[in-house]
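Heads up, the thing below is written out as structure tokens.
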Amino acid sequence: MSLQANDFELFGMPIQFSMKRDALDARWKELQREAHPDRFSVEGTAAQRIAMQWSVRINEAYQRLKDPVKRAAYLCEIHGVPVNAENNTAMPTVFLMQQMTWRETLDETQTQAELETLLNEVEMTHQQALVDMAQAIDNACDYHLAVGQVRALMFIDRFASEVRHKLDVLLD
């Protein structure tokens, strides 16, 4: 195995969006045990340094694979369709209108019940976007469509954090 192997190869996982989190977690623990620098203490500092590089690489891959948005963006990238979220912000009009409505609702919301209702709606939209992402990547192999879903999920995640923050402030 090479440090340059893609994350899926490193973890021995199929190159797809759908993933069993418990299998990923178990494989991460296994790889970390195998690459832990302490296992190489008798082999000297060079072997420990290489083990440390492997450990860092394993952790980076794990962080990318365990997060659905990062995993989807990575899949798009390895299939030649980078997300470029900072340069490409184009979104469908329907999605933009939904975001405007959510923003207005968030600005006007004053009660815990209203915030929880909004958060529930946002989380349901998030779950549907993940289903759509799996369809775009795993079934249709449409990475251009998936890039739009990644950008939408990035927004939805940020917005959900804002709703949670306002809810936390209200409850304090």
Side-chain angles (χ1 to χ4, degrees), residues 1-86 88 116 119-168 171-172:
M1 186 68 58
S2 163
L3 284 171
Q4 282 72 39
N6 76 45
D7 295 353
F8 296 94
E9 292 168 345
L10 179 64
F11 273 74
M13 308 288 270
I15 300 175
Q16 64 186 34
F17 180 72
S18 299
M19 181 174 290
K20 295 201 183 302
R21 178 64 188 268
D22 56 341
L24 176 67
D25 292 346
R27 182 67 177 138
W28 173 71
K29 289 176 185 174
E30 182 181 316
L31 288 169
Q32 280 298 358
R33 274 192 302 276
E34 291 173 12
H36 198 281
D38 288 349
R39 291 190 65 216
F40 299 89
S41 60
V42 295
E43 296 180 35
T45 57
Q48 284 183 305
R49 191 170 32 257
I50 291 170
M52 182 60 74
Q53 289 174 334
W54 272 104
S55 184
V56 167
R57 174 67 180 95
I58 291 164
N59 281 329
E60 288 172 347
Y62 176 69
Q63 293 304 314
R64 208 171 5 253
L65 293 177
K66 78 175 185 172
D67 181 292
V69 176
K70 290 178 183 177
R71 182 171 63 247
Y74 183 67
L75 279 162
C76 290
E77 183 179 314
I78 64 177
H79 285 92
V81 187
V83 174
N84 292 329
E86 47 297 323
N88 185 355
E116 288 172 347
L119 184 57
N120 186 47
E121 180 183 337
V122 172
E123 288 175 344
M124 287 187 334
T125 302
H126 183 271
Q127 289 305 314
Q128 184 58 52
L130 290 175
V131 169
D132 294 344
M133 180 75 70
Q135 171 65 30
I137 293 175
D138 293 346
N139 297 342
C141 297
D142 187 341
Y143 297 97
H144 293 283
L145 177 61
V147 161
Q149 287 293 327
V150 169
R151 288 195 314 267
L153 280 163
M154 292 169 122
F155 178 86
I156 293 167
D157 285 348
R158 277 192 307 272
F159 186 75
S161 292
E162 291 177 35
V163 175
R164 285 186 197 96
H165 176 72
K166 186 170 182 178
L167 187 57
D168 289 345
L171 295 176
D172 283 344

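On a predicted model such as this, the values are computed, not experimentally measured, just so you know. Below, each value reflects all heavy atoms present in this structure, side chains not excepted, and no hydrogens, waters or symmetry copies.
Qualifying side-chain hydrogen bond (donor to acceptor under 3.5 Å, both in side chains) partners for E116, counting only residues two or more places apart in sequence or in other chains: Q112. Residues passing the side-chain contact (heavy atoms from CB on, under 4.5 Å) test with K29, sequence neighbours excluded: R33. Not counting sequence neighbours, the partners of V81 by the side-chain contact (heavy atoms from CB on, under 4.5 Å) test are Y143, H144, V147. Residues passing the side-chain contact (heavy atoms from CB on, under 4.5 Å) test with N139, sequence neighbours excluded: Q135. Listed by chain and residue number, nothing satisfies the side-chain hydrogen bond (donor to acceptor under 3.5 Å, both in side chains) test with E60 (two or more places apart in sequence, or in another chain). Listed by chain and residue number, nothing satisfies the side-chain hydrogen bond (donor to acceptor under 3.5 Å, both in side chains) test with H36 (two or more places apart in sequence, or in another chain). Applying the side-chain contact (heavy atoms from CB on, under 4.5 Å) rule to R49 yields the partners A46; only residues at least two apart in sequence or on another chain are considered. Shown here are the side-chain hydrogen bond (donor to acceptor under 3.5 Å, both in side chains) partners of E30, two or more places apart in sequence or in another chain: R27. Residues passing the salt bridge (Lys or Arg N to Asp or Glu O under 4.0 Å) test with E162 are R103, sequence neighbours excluded. With sequence neighbours excluded, no residue forms a salt bridge (Lys or Arg N to Asp or Glu O under 4.0 Å) with R158. Residues passing the salt bridge (Lys or Arg N to Asp or Glu O under 4.0 Å) test with D138, sequence neighbours excluded: none.
Distance check, rounded to the nearest 0.5 Å: CD of Q16 to SG of C141 gives 10.0 Å. I137 contributes atom CD1, which lies 5.0 Å from atom SG of C76 (distance to the nearest 0.5 angstrom). Put simply, CE on M133 and CG on L153 are 5.0 Å apart, with the number rounded to the nearest 0.5 Å.
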Passes side-chain contact (heavy atoms from CB on, under 4.5 Å), I15 versus H79? Steps please.
CA-CA 10 Å; I15 300 175; H79 285 92; 4.0 Å; yes
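The residue from K66, R57, K70 that alone fulfils the salt bridge (Lys or Arg N to Asp or Glu O under 4.0 Å) condition with D7 is R57.
Taking both residues in full, the closest heavy atoms of A160 and L119 are given as O-CD1, 4.0 Å, listed atom of the first, atom of the second, then distance. Between Q32 and S55, the shortest heavy-atom distance links the atoms OE1-OG, 2.9 Å. Across all their heavy atoms, A35 and W54 have their closest contact at CB-CB, 3.9 Å. Closest of all the heavy-atom pairs between R71 and F17 is NE-O, 2.8 Å. Residue E9 comes nearest to N6 through the heavy atom pair N-OD1, 2.8 Å, listed as atom of the first residue, atom of the second, then distance. Considering all non-hydrogen atoms of both residues, A73 and V150 come closest at N-CG2, 3.8 Å.
For the pair I78 and F8, the minimum side-chain heavy-atom distance is below 4.5 Å.
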In residues 124-131, what donor-acceptor pairs under 3.5 Å come from side-chain atoms, sequence neighbours left out?
{"from": "T125", "atom 1": "OG1", "to": "E121", "atom 2": "O", "distance (Å)": "3.0"}
{"from": "H126", "atom 1": "NE2", "to": "D157", "atom 2": "OD1", "distance (Å)": "2.9"}
{"from": "Q128", "atom 1": "NE2", "to": "D132", "atom 2": "OD1", "distance (Å)": "2.9"}

